[in-house]
Amino acid sequence: MGNKLAEANELRKALSLNIKKQRKMLGLTQEKLAEAANLSHQTINDIEGCRMWVSDKTIIKLADVFQIETYQLLLPNTLQKSVSSEQKEHNETLDQLECNIIRMIKKQFEEAAMKGKLGKR
């Protein structure tokens, strides 16, 4: 029983830290987060202070505001870092792909412009 209680406390701490971290990353106060999630300021304060557990609906509301998957709010900080590194790698791949697409489009425009100039002569 004591082990289960310790696990529950760790989960509550992870939720609290992850919500606080996400909120600060977005530059939100507890009041603004509460407003965006349609929750009370006291609820946000209690969750971040590990004084309250939340319903699945509340976790979903918060994840929606943060634009992350709901499970990410429950990950311990060690796992959150690996998710963040995966997200960073994913974002870098998308950035690289976007740059390649832009280069390809630019090249097509340049080729079209060259053909247009050559055709006029």
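It should be emphasised that the depicted structure is a prediction, and the values quoted were computed from it without experimental measurement.
Every residue meeting the side chain to side chain donor-acceptor pair (under 3.5 Å) condition with Thr29, not counting sequence neighbours, appears here in chain and number order: Glu31. In this view, Asn9 satisfies the side chain to side chain donor-acceptor pair (under 3.5 Å) rule with no residue, not counting sequence neighbours. Every residue meeting the side-chain contact (heavy atoms from CB on, under 4.5 Å) condition with Met104, not counting sequence neighbours, appears here in chain and number order: Gln108. Evaluation of the salt bridge (charged side-chain N to carboxylate O under 4.0 Å, His left out) rule for Arg12 yields no partner, not counting sequence neighbours. Every residue two or more places apart in sequence or in another chain that forms a side chain to side chain donor-acceptor pair (under 3.5 Å) with Gln42 is listed here: Asp46.
Minimum interatomic distance between Ala14 and Pro76 (heavy atoms only, all atoms of both residues): CB-CA, 4.1 Å. Between Ala37 and Leu62, the closest heavy-atom pair is CB-CD2, 4.0 Å.
Within the structure, the side-chain hydrogen bond (donor to acceptor under 3.5 Å, both in side chains) test picks out the following pairs touching residues 57-66 (sequence neighbours left out): Ser55-Thr58.
In this structure, CD1 on Ile19 lies 12.5 Å from CG on Leu28, to the nearest 0.5 angstrom. In this structure, CG in Leu74 is found 6.0 Å from CG in Leu15, a value given to the nearest 0.5 Å. Atom OG1 of Thr43 is separated from atom CD of Gln30 by 10.5 Å, given to the nearest 0.5 angstrom. Remark: Met25 CE to Lys20 NZ distance equals 15.0 Å, nearest 0.5 Å.
Residue Gln67 places its CD atom among 12 or fewer non-hydrogen atoms of other residues, nucleotides or ligands, all under 6.0 Å distant.
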(request) With side chain to side chain contact (heavy atoms under 4.5 Å, CB included) as the test, would you mind laying out the steps for Thr70 and Asp56 before giving the verdict? (result) CA-CA 9 Å; Thr70 52; Asp56 55 342; over 6 Å; no
(request) Could you go through the side chain to side chain contact (heavy atoms under 4.5 Å, CB included) check for Leu33 and Leu26 one step at a time? (result) CA-CA 9 Å; Leu33 174 58; Leu26 292 176; over 6 Å; no
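Between Glu10 and Lys13, at least one side-chain N (NZ, or NE/NH1/NH2) sits under 4.0 Å from a carboxylate O, which counts as a salt bridge.
Within the 4.5 Å cutoff, the side chain of Lys21 has no heavy atoms near those of the Leu17 side chain. For the pair Arg23/Glu48, a side-chain contact is recorded, criterion being any heavy-atom separation below 4.5 Å from C-beta on.
Ile68 and Ile60 fall into different hydrophobic clusters, where Ile, Leu, Val, Met, Phe, Trp and Tyr residues are linked whenever their side-chain heavy atoms come under 4.5 Å apart, directly or through other members. One hydrophobic cluster, built from ILVMFWY side chains closer than 4.5 Å, holds both Leu73 and Leu11. Put simply, Trp53 and Ile44 are part of the same group of oily side chains (I, L, V, M, F, W, Y) that touch within less than 4.5 Å, one to the next.
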